[in-house]
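As structure tokens, the structure follows; a few thoughts come after it.
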Amino acid sequence: MKKTLTIFIGLAVAALSAADARRVRLEDFSHPAGGVTLGGEFPGAKAELSFEGADSDRFARLSFDLSKGNYVGYELNTTVPAGTSGLAFRVRTPGAARPRLFCRVLDADGQYHAYRTVFEPRDGWTEVGYDFAAGHGHWGGKNDGVLRWPLKTVTLGIEIDRSLSPTGALEVADVVARTTASRMEMPAAKIRCVPSRFGALYGPAENAVFDCSLFEREPGQPRPKLRCTVTDWRDAPVLVRELAEADTRLTLTPTDLGDRLGAFRLQVAATETNACLAPVSVWFARLSSNRVKPCPWIGSGLHGGHGWGRGDFRFLDILATAGIGVVRDEPGWSAIERAKGVYKVPDNFDKLVDGLHARGIGFNVILDYGNKVYENPLDPDAFAKWCAFMAGRYGDRVRTWEIWNEPQNFWFRQQYGKTNDTWVAKFVELTRKADDAIRAVRPDADVAVTAEDVWPLLKQMLELGVAKRHNIVSFHPYCHDQPRPEREVFCRNGLAELREAAAKHGGAKRFIITEAGWTTYTGKMKYLEVAGGYPKSSYVHQAQYLVRMYAQARQQGVEYACQYDFKDDGPDRSYTENNFGLVHEDYSPKPSLAAVAQLARTLGDAEPGGDCSIESAKYRFYRFHRPDGDVYLAWAVEGACEVGIPAELGRGFEVRDLMGNPVHRPVLKNGRIALDECPVYLQVVDGAFADRSRLILPVRPRD
């Protein structure tokens, strides 16, 4: 490797040469790490992240095209403690002459701080430094320019310079902090644990494999041994194993996991010396089958940031493996019509449509959000023309065209004022014109309307004629202020109020849920007035409530339900909006993904057979008709209860938990079974997954 030249730009020399300051590496790219930001506030930039080189010469390459947009950046989620005075990066910029580089950090308050420079490339690698005392801007959070520790995200990016070529590459080989923080706060090494498979989903006969190693942030320090601990989705211990070497491959066989299914958490921690090393955790899942036909009534919501916006489509295989059969996403009107009457769809959106279609996954495309190329960014005629263009372009590759998303929250109140009568009427006008335009191009198109999470507003829209007989009514039952889906206002009495209003005003008879979710945030909730009082959910709660929501929707005649949303949207664990995902930011599964995958495998081809419960407010005992026999899904709405079983199960049945594992659940002597809030599957013994060694025979009361 060529000798590295060093440029310190705007650094305080006295601070950086202090005797107690250390250079600590945050990343060396011995394993792939980090992601891409495309500068969403300035749409149009393109970039692709890859990892090149070998052994100690590994680096990240960000290939970019700034013909449109404003900037791209390499983004690393990390922890930088107080006592850090600046950052340095080893950089090359092949194909880019004198690029404008910037460093951006996100602090503990959610405030961004930016530092800029014009980079002078040299032959080989060049070190570029940024001093936290010499900022060039800040926004978000308290927006006062004060760094609040620890920092949570570090970005190195490149900005557009119209006088230079808009294409090239930004290569990063090292990320280094200059710090006086103690080794307790910033230890000399960091533990890594990386699953061998993107998404960390394994079939029933497969081994789960992980690369466990130490990343030496300050070489020369003692190397500890590592201990691996596996727990299940309820945090029950499964396995403890000591690693003989600090760098090794860990293989977990089905036998190691007790032949159990579902989600597991692997934690790797130091066992001796350097006790300050923070343990790392990674989730993985063992599913009851490798693949399953996509379930057309189980859905999830996407965002461009989930991969496709930057050209990464690997997440599609996670959706297919789980059995998710419909997804919801938006291309955005303003991203396609940037000049009046000129439509250009991003290539990546076309690839997303084709990728979903090839896997048999239905697509709900939201047609939404304003366009400032028009004097009225909600111009109903212009919007209708764009909707017609989209419907004509994609035809039957799109399952549902959904007009707008939560108009109260997005654009309409801001444009037309907060008086509901005014903006709701304008929304209905826009919806009707868009609906007519779509059906002029595609008479058989499924068009969904309303997409609202406030019942009085949705009812008002219906009364004003937003939904015709051919429309599908979309709603968002978020369970504000209480977590249980059975008690959500939209879903009361089997959607009775919603059905009555739709039938009376236009005649719509079809319904879909396009957002419903539970967020696994920790700590004190931020932005309560924005977040709307979402109830805090543990991993177990999120899994059980989602399965209950899907099952209830299916039984109530909802055509499909989309959970919000597929992947966690950010690193802030105390912010509700960052933590709705079925998967974490690294795409590793939460228990909810494993639970949804088991639901698709158990009931994906089943037809609803009604609720066998006597007291539906107390418990649910849903019957589903499967080709090989009926399956029941049962739970207590709140707490626990003992309930009678349907007559069909009287000759013996087996019970499986949310993940598909057999449950040894005693049946009380009067033939009643104990339920709690976590759903269980029940099936007679001649069913497909019957295991007679686990047969439960109800004991009938004596005469």
Side-chain angles (χ1 to χ4, degrees), residues 20-34 51 55-56 58 60 76-88 105-108 149-154 173-196 200 208-231 235 237-252 264-284 522-523 571-574 584-586 588:
D20 55 352
R22 311 179 340 266
R23 288 173 57 88
V24 180
R25 289 190 295 175
L26 301 178
E27 189 52 63
D28 68 347
F29 304 104
S30 54
H31 291 80
F51 297 93
D55 302 326
S56 61
R58 295 275 292 172
L76 177 67
N77 291 332
T78 186
T79 299
V80 182
T84 304
S85 57
L87 297 171
V105 298
L106 176 65
D107 72 13
W149 307 94
L151 307 183
K152 297 180 291 186
T153 305
V154 170
D174 264 316
V175 183
V176 177
R178 187 72 175 178
T179 187
T180 59
S182 70
R183 287 194 171 91
M184 182 66 72
E185 297 173 289
M186 186 172 277
K190 184 171 73 172
I191 301 170
R192 294 189 190 273
C193 182
V194 182
S196 61
V209 181
F210 304 85
D211 289 322
C212 302
S213 63
L214 283 174
F215 162 38
E216 292 189 82
R217 293 148 62 116
E218 292 183 76
Q221 300 296 318
R223 291 171 63 84
K225 292 183 179 179
L226 302 179
R227 174 185 290 127
C228 299
T229 304
V230 179
T231 53
D235 210 28
V238 175
L239 174 80
V240 177
R241 181 175 295 172
E242 302 281 348
L243 298 182
E245 301 291 337
D247 299 292
T248 189
R249 173 159 282 199
L250 174 67
T251 299
L252 300 174
F264 299 88
R265 179 172 174 257
L266 169 62
Q267 184 179 74
V268 184
T271 61
E272 56 184 51
T273 71
N274 280 354
C276 57
L277 285 187
V280 297
S281 296
V282 63
W283 283 85
F284 66 100
T522 58
D572 190 344
R573 299 281 73 85
S574 66
H584 301 90
E585 283 182 281
D586 63 358
S588 63

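Keep in mind it's a predicted model, so treat the numbers as computed, not measured. Throughout, numbering of the chain's residues begins at 1 and tracks the sequence.
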Closest heavy-atom pair and its distance - [X], [Y]:
| X | Y | result |
| --- | --- | --- |
| V282 | S588 | CG2-CB, 4.4 Å |
| I191 | A270 | CD1-N, 3.7 Å |
| K190 | L277 | N-CD2, 4.3 Å |
| P237 | T231 | CA-CG2, 4.1 Å |
| V268 | C212 | CG2-SG, 4.1 Å |

Contacts of D28 that satisfy salt bridge (Lys or Arg N to Asp or Glu O under 4.0 Å) - sequence neighbours left out: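 Salt bridge (Lys or Arg N to Asp or Glu O under 4.0 Å) check on D28 returns R25, R192.
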Who are the salt bridge (Lys or Arg N to Asp or Glu O under 4.0 Å) partners of E216, not counting sequence neighbours?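 Listed in chain order: R223.
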Minimum side-chain heavy-atom gap [X]-[Y] below 4.5 Å:
| X | Y | result |
| --- | --- | --- |
| R178 | R23 | yes |
| R183 | V24 | no |
| L266 | C228 | yes |
| L87 | L26 | yes |
| P224 | L214 | yes |
| L252 | V230 | yes |

Rounded to the nearest 0.5 Å, how far does [atom2] of [Y] lie from [atom1] of [X]?
| X | Y | atom1 | atom2 | value |
| --- | --- | --- | --- | --- |
| H31 | C193 | NE2 | SG | 9.5 Å |
| T79 | W149 | OG1 | CH2 | 12.0 Å |
| R217 | T179 | CZ | OG1 | 9.5 Å |
| F264 | L239 | CZ | CG | 10.5 Å |
| E242 | L226 | CD | CG | 9.0 Å |
| E27 | R58 | CD | CZ | 10.5 Å |

For [X] and [Y], indicate whether the former's side chain and the latter's backbone hold a donor-acceptor pair under 3.5 Å.
| X | Y | answer |
| --- | --- | --- |
| S196 | V209 | yes |
| T271 | K225 | yes |
| R22 | A181 | yes |

Measure up the F29 and F51 rings against each other and bin them: parallel (under 30°), tilted (30 to 60°), perpendicular (over 60°).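 Ring orientation of F29 relative to F51: tilted.
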